[in-house]
Novice: 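Handing you a structure now.
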Amino acid sequence: MSDHSPFHTPPRFSSTFDQDAIAQIQRAAATGIYDIRGGGAKRKVPHFDDLLFLGASISRYPLEGYREKCGTNVTLGTRFAKKPIELKIPVTIAGMSFGALSGNAKEALGRGASAMGTSTTTGDGGMTPEERGHSNMLVYQLLPSRYGMNPDDLRKADAIEVVIGQGAKPGGGGMLLGQKITERVAKMRNLPIGIDQRSACRHPDWTGPDDLAIKITELREITNWEKPIYVKVGATRPYYDTALAVKSGADVVVLDGMQGGTAATQEVFIEHVGLPILAAIRPAVQALQDLDMHRKVQLIVSGGIRNGADVAKCLALGADAVAIGTAALIALGDNDPKLEAEYQKLGTTAGAYDDWHEGRDPAGITTQDPALAARLDPVKAGHRLANYLAVLTMETQIIARACGKSHVHNLEPDDLVALTVESAAMAGVPLAGTNWIPGQGKY
Amino acid sequence: MNSFDLTKTTLREVNQKLQSLPADTNEKVWHLTNLHGEHACAVGLTQPIEVHVEGHIGYYCAGMNQKATVVIHGQCGVGVAENMMSGEVRVKGTASAAAGATGQGGLLVIEGDAGTRCGISMKGIDIVVKGSVGAMSAFMAQSGALVVCGDAGGSLGDSIYEARLYVQGKVESLGSDCIEKKMTPHHVEKLGRLLKKAGIEADPKKFKRYGSKRSLYNFHVDNVDAY
């Protein structure tokens, strides 16, 4: 009897031990160390694609595209700050450090954001002249590591963001591997050159919401109560974290879902800790509403924002603005197919490159190598980012007008339905074609 | 004498006045009285003035100090002189947790004891404690010197980088990657100068020196038991 029977079944791959799971086991067995990468969660999670807008109908009256005004401005920091931030568009640039990113990349982010009237954010490692000089509005992060923390820079900032965590790794500190700790990065962080730099996961001088309130008071006292103070959390317990941030005196809550990127974190951490942003927005908004603070304390959400539909959905669920990180890097030139040959040399392909921690980015963005960094023209890259931000804003307006809204903040949960039971439950909107919101009321 | 009675003037007004003094001010010495444990007192100072805090004070006193001298005639709460850049802060009494946390420069002198996490994540500040310090002091300490004339609590210098630690008394235990190092004449001289600058009488020869073994600077799986 032949070994190749016509009845031999074709190879069947396991859903449990899929290609990626097998590769991870093989890699772990070969190296004895876990996988580190950049970016956010890559697994499929309930996301904004699972929601749809209803648009106008007999009962809803739309606004004329290209004619009737649809406002996009956002004011952040109206609760306590003497000088709130006025953004022209509801999209901001999330915190990304010099160190993780090249100086040119930081400059490009500043140029693009400023051209569109929005803000950028520093990251671990302090404020560089490149980003302060090219960002009309700059948010200065106070992180657990306090690398480069400088009261002069604090006073130069337009807002201050106390970072408790981020979506890619709630409960985890940061790391910047030795190959990216150049002389300049080392000097800014007061560390030896070439070491693997750890960023602490806990703040050194406060623990818990009562202490946080005092820390925020100190920051306000140092900056004459002028600057809006944001509190950024990774999406884990959004109802309670939002309530505690409000209790601690935050002007703005920043909520980052698990799809939000990181410069370098363990794969297992990125993929298995934290919530998708879709699941986090409604509980955070509920906390604000329960405290009568919705729209008084502003909510910025982030983690996987790609297009104007995503922005509009965030706003409809109750956010005041969104922040983008990964999408902004792609707009600058990250994962550009034109660099395919170089990605191939790194063992990857355009669209999948995520070894941002290695510092060998052919696009010159996630690197400290001077030759690679020089590849990124900050003027051209900034222009690309401005283009992208403009499109995000116009797309958001298109949807808002279709729903009859004269301001993007007038979008509301009633404008949405969900395609899946899971997304309906998470977003608190009806399953399409029904009036059923899982978890609320009777079936 | 310039003074503020905190029962008559708000802390906001006090901080605003002290922060807004010009570089060439003649009002060099200030006394703050009738304190009730206020938080964030005398923070964000930028000029070479002298501020006497006449009583017990709360969290973050003299936080992010630049150039000023702040003397606390009492006990102080968490995070005294946190992220100090320059100048001098002196605590006549005891200090709570995280004294001098993340400080980047200047001198912090604590004439009593300091609580846990003294000098945590310090980045260049010099801290001299006449008494003892609590557990986890100099955690992730990057640079600068922590001098303890008394004893140090458990896990001293855990995950330390390049900070120098000098302890005269007992060390309950050393943290990960922190080891005792040889006290050379060079170090005795440096410590002697620092003690003199701090106005603390002690024999530098009686101190032991601790610092980083530097074995955890680059992650290696063989060290996994240390984490």
Side-chain angles (χ1 to χ4, degrees), chain A residues 28 31-34 36 126 142-155 173 175 177-179 181 186-208 210-226 264 266 357, chain B residues 11-12 14-16 19-20 38-46 58-61 63-66 77-80 82-85 96-105 117 119-124 136 139-140 142-144 159 161-163 212 214 216-222 224 227:
Chain A
T31 65
I33 185 71
Y34 43 71
I36 291 175
L142 180 89
L143 291 122
S145 74
R146 309 284 166 87
Y147 289 131
M149 185 66 218
N150 185 319
D152 291 331
D153 292 338
L154 200 68
R155 286 183 280 261
M175 68 174 95
L177 299 189
Q179 51 267 42
I181 307 288
K187 192 175 176 189
M188 282 180 70
R189 301 181 187 218
N190 204 315
L191 285 168
I193 295 168
I195 71 164
D196 293 342
Q197 170 258 291
R198 295 282 315 167
S199 294
C201 63
R202 301 184 300 267
H203 279 264
D205 56 354
W206 65 267
T207 49
D210 293 334
D211 282 8
L212 174 57
I214 303 171
K215 173 52 72 177
I216 288 175
T217 301
E218 184 204 12
L219 295 171
R220 292 197 192 280
E221 283 291 326
I222 290 172
T223 54
N224 199 28
W225 287 73
E226 289 179 353
Q266 297 91 342
H357 58 292
Chain B
L11 183 69
R12 180 78 281 271
V14 171
N15 280 336
Q16 201 164 23
Q19 290 165 356
S20 61
E38 286 83 351
H39 301 308
C41 180
V43 295
L45 305 185
T46 58
Y59 281 40
Y60 309 132
C61 185
M64 300 202 193
N65 186 52
Q66 292 167 291
V78 170
V80 64
E82 68 87 19
N83 212 83
M84 176 158 69
M85 305 297 288
S96 183
T102 78
Q104 299 189 40
R117 308 194 300 279
I120 182 171
S121 202
M122 53 194 279
K123 297 166 169 44
M136 295 299 287
F139 176 62
M140 292 181 89
Q142 294 174 224
S143 63
S159 305
Y161 293 101
E162 293 297 300
S212 179
R214 303 186 178 108
L216 305 183
Y217 273 14
N218 292 92
F219 183 87
H220 195 281
V221 73
D222 291 347
V224 76
Y227 302 116

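Computation of the quantities below employed the complete heavy-atom set of this structure, encompassing side-chain atoms and omitting hydrogens, waters and symmetry-equivalent molecules. Note on naming: letters A, B, ... go to the chains in the order of the sequence lines (proteins, then strands), and numbering restarts at 1 for each one.
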Novice: Would you give the length of the straight line joining atom CE of B/M64 to atom CG of A/L154, rounded to the nearest 0.5 angstrom?
Specialist: 5.5 Å
Novice: Please look at B/S159 and chain A and tell me whether the side chain, the backbone, both or neither of the residue comes under 4.5 angstrom of a heavy atom of that chain.
Specialist: neither
Novice: Out of B/N65, B/L11, B/V43, B/L45, which one racks up the most heavy-atom pairs below 4.5 Å with chain A?
Specialist: B/V43
Novice: Check whether any side-chain N or O of A/D205 sits under 3.5 Å from a backbone N or O of B/E82 as a donor-acceptor pair, and report yes or no.
Specialist: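 Side chain of A/D205 to backbone of B/E82, a donor-acceptor pair under 3.5 Å: no, none is there.
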Novice: Is there a donor-acceptor contact under 3.5 Å linking the side chains of B/N15 and A/E221?
Specialist: yes
Novice: Calculate, to the nearest 0.5 Å, the distance between atoms CE and CZ belonging to B/M122 and A/R146 respectively.
Specialist: 15.5 Å
Novice: Under 4.5 Å from any heavy atom of chain A, what part of B/Y161 do you find: side chain, backbone, both or neither?
Specialist: side chain
Novice: Could you check whether atom CZ of A/R202 has more than 12 heavy atoms from other residues, nucleotides or ligands sitting under 6.0 Å from it?
Specialist: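 No, not enclosed.
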Novice: With a 4.5 angstrom heavy-atom cut-off, which part of A/P204 approaches chain B: side chain, backbone, both or neither?
Specialist: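 For A/P204, backbone and side chain are both near chain B.
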Novice: To the nearest 0.5 Å, what is the distance between CD (A/E218) and CG (B/N83)?
Specialist: 8.5 Å
Novice: Would you mind checking which part of A/R189 comes under 4.5 Å of any heavy atom in chain B, side chain (CB onward), backbone (N, CA, C, O), both or neither?
Specialist: backbone
Novice: Need one label for B/R12: side chain, backbone, both or neither, based on atoms under 4.5 Å from any heavy atom in chain A.
Specialist: both
Novice: Would you find a donor on one side and an acceptor on the other, under 3.5 Å apart, between the side chain of B/Q142 and the backbone of A/Y147?
Specialist: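 Checked: no pair found.
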Novice: Report which part of A/S145 has an atom under 4.5 Å of a heavy atom belonging to chain B: side chain, backbone, both, or neither.
Specialist: backbone
Novice: Measuring from atom CG of A/N150 to atom CD of B/Q66, what distance do you get when rounded to the nearest 0.5 angstrom?
Specialist: 6.5 Å
Novice: Looking at every heavy atom in both B/G44 and A/R155, which two are closest together, and how far apart are they?
Specialist: O-NH1, 3.6 Å
Novice: Looking at B/E162 and A/P192, what are the two nearest heavy atoms and their distance?
Specialist: CG-CG, 3.7 Å
Novice: Is chain B contacted by the side chain of A/Y34, its backbone, both, or neither, given a heavy-atom distance below 4.5 Å?
Specialist: side chain
Novice: Report yes or no: is the cationic atom of A/K215 (NZ for Lys, CZ for Arg) closer than 6.0 Å to the six-membered ring centre of B/Y60, at no more than 45° off its axis?
Specialist: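 A/K215 over B/Y60 ring: yes.
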Novice: About how many Å separate CG of A/N190 and OG1 of B/T102, when rounded to the nearest 0.5 Å?
Specialist: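 B/T102 atom OG1 to A/N190 atom CG measures 11.0 Å (nearest 0.5 Å).
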